[in-house]
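Below is one structure; the comments refer to it alone.
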Amino acid sequence: MSDDVDVPESHPRYESLLTRHRIEAGVDRGITSRQGLIAQGRGEAYDYLLGERTIDSADRAARAAAAYLLSADHAVVSVNGNAAALVPGELVELSEATGADLEVNLFNRTEERIERIADYLREHGASEVKGLTADGRIPGLDHERAKVDADGIGDADVVLVPLEDGDRAEALGEMGTTELVVDLNPLSRSAQVATVPIVDNIIRAIPTATDHARDLRGDPDAQRAAIEAFDAEAALTDAEAAIRGGV
Ligand code: PTJ
């Protein structure tokens with residue numbers, strides 16, 4: 001990871017400080033909501049307890065997620081204000097490696113922030129960004145946070161939702177969508193309802209999933225094997241044990 005922030009690479013918490021800087025810069029740019037600062041702090045605490053590393057079960061989850069994205073009829077990677085600030089180029093690479101659409105989809109939705117995030121993703125190489133039409137809805141949710149593109153998340157059979165609010169994760173799951181979640185908290189409702197919970201920091205999880213996608217591309221047998229080898233419940237138990245200091 002590199003950025004234009006003045007943090008010495010020798011600092012023991014270099015990655016963490018850089019991540020904070022990116023979220024701060026996201027707020028300044030009008031991409032990330034102020035609540036995003038709080039969400040980041042929560043995630044950081046879990047990452048600290050996990051040892052700021054990708055545990056084996058999270059690596060298997062990223063592989064299964066890549067396999068689901070590759071074998072979907074219509075896969076969508078949902079992008080919120082935190083994800084856009086932290087891994088814009090990496091999300092574009094994942095969508096290119098898997099053929100998934102990118103859709104800006106916000107919990108605290110404003111048209112201005114949607115447009116800024118779409119522009120930011122285009123600056124990082126995205127050719128098409130969905131989320132601006134918002135002509136569909138997630139059933140069972142009220143208000144602005146229910147809005148999606150009818151030909152995007154509204155039509156998808158597989159959706160990757162990083163750092164999602166639990167309520168929306170549950171409602172998306174009830175649409176019958178296969179839900180892939182990135183969340184550092186294995187106890188969060190989003191992680192608990194996901195078909196594939198990736199308990200890892202998004203700054204590591206997205207590049208890891210892209211590496212697996214490049215490896216699995218064009219090999220349906222290997223994709224099936226990655227999906228079959230993954231056990232969501234066992235992965236959550238393993239992550240909880242790692243946080244408690246067991247693994
Ligand atoms: O941009 P918007 O309006 O869509 O809002 C985005 C946030 C993240 C603010 C919104 O969805 C929200 O409030 O989410 P929550 O309910 O705070 O949940 C965020 C989850 O992501 C928490 O369980 C955190 O532990 C987790 N998390 C935070 N930072 C990271 C993370 N997981 C992985 N990597 C991170 N860097």
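In each ligand, atom 1 is the first atom listed, and ligand 1 is the first ligand listed. Computed from heavy atoms alone, side chains included, the values below leave out hydrogens, waters and symmetry copies. As the structure is a computational prediction, the values presented were derived from the model and not from experiment.
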Give yes if a backbone or side-chain nitrogen or oxygen of [X] is under 3.5 Å from a nitrogen or oxygen of ligand 1, and no if not.
{"X": "V182", "result": "no"}
{"X": "Y46", "result": "no"}
{"X": "G81", "result": "yes"}
{"X": "F107", "result": "yes"}
{"X": "Q35", "result": "no"}

Using a 4.0 Å heavy-atom cut-off, which part of T32 comes near ligand 1: side chain, backbone, both, or neither?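 The answer is neither; T32 stays 4.0 Å or more away.
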Where on E44 is there a heavy atom closer than 4.0 Å to ligand 1, on the side chain, on the backbone, on both, or on neither?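 Looking at E44 and ligand 1, no heavy atom falls under 4.0 Å.
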side-chain hydrogen bond (donor to acceptor under 3.5 Å, both in side chains) contacts in which one or both residues fall within residues 58-67, not counting sequence neighbours: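 Residue pairs passing side-chain hydrogen bond (donor to acceptor under 3.5 Å, both in side chains), neighbours aside: D59-H212, R63-H212, R63-D215.
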My understanding is that only residues two or more places apart in sequence, or in another chain, count here; which of them pass side chain to side chain donor-acceptor pair (under 3.5 Å) with E123?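 For E123 there are no side chain to side chain donor-acceptor pair (under 3.5 Å) partners, ignoring immediate neighbours.
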Does atom CG of D56 have more than 12 heavy-atom neighbours, drawn from other residues, nucleotides or ligands, at distances under 6.0 Å?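 Not buried by this count: 12 neighbours or fewer within 6.0 Å.
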Any Lys/Arg nitrogen of E240 or R244 sitting under 4.0 Å from an Asp/Glu carboxylate oxygen of the other?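 Yes, charged N to carboxylate O under 4.0 Å.
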Using a strict 4.0 Å threshold on nitrogen-to-oxygen distance, state whether E112 and R116 make a salt bridge.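 Yes.
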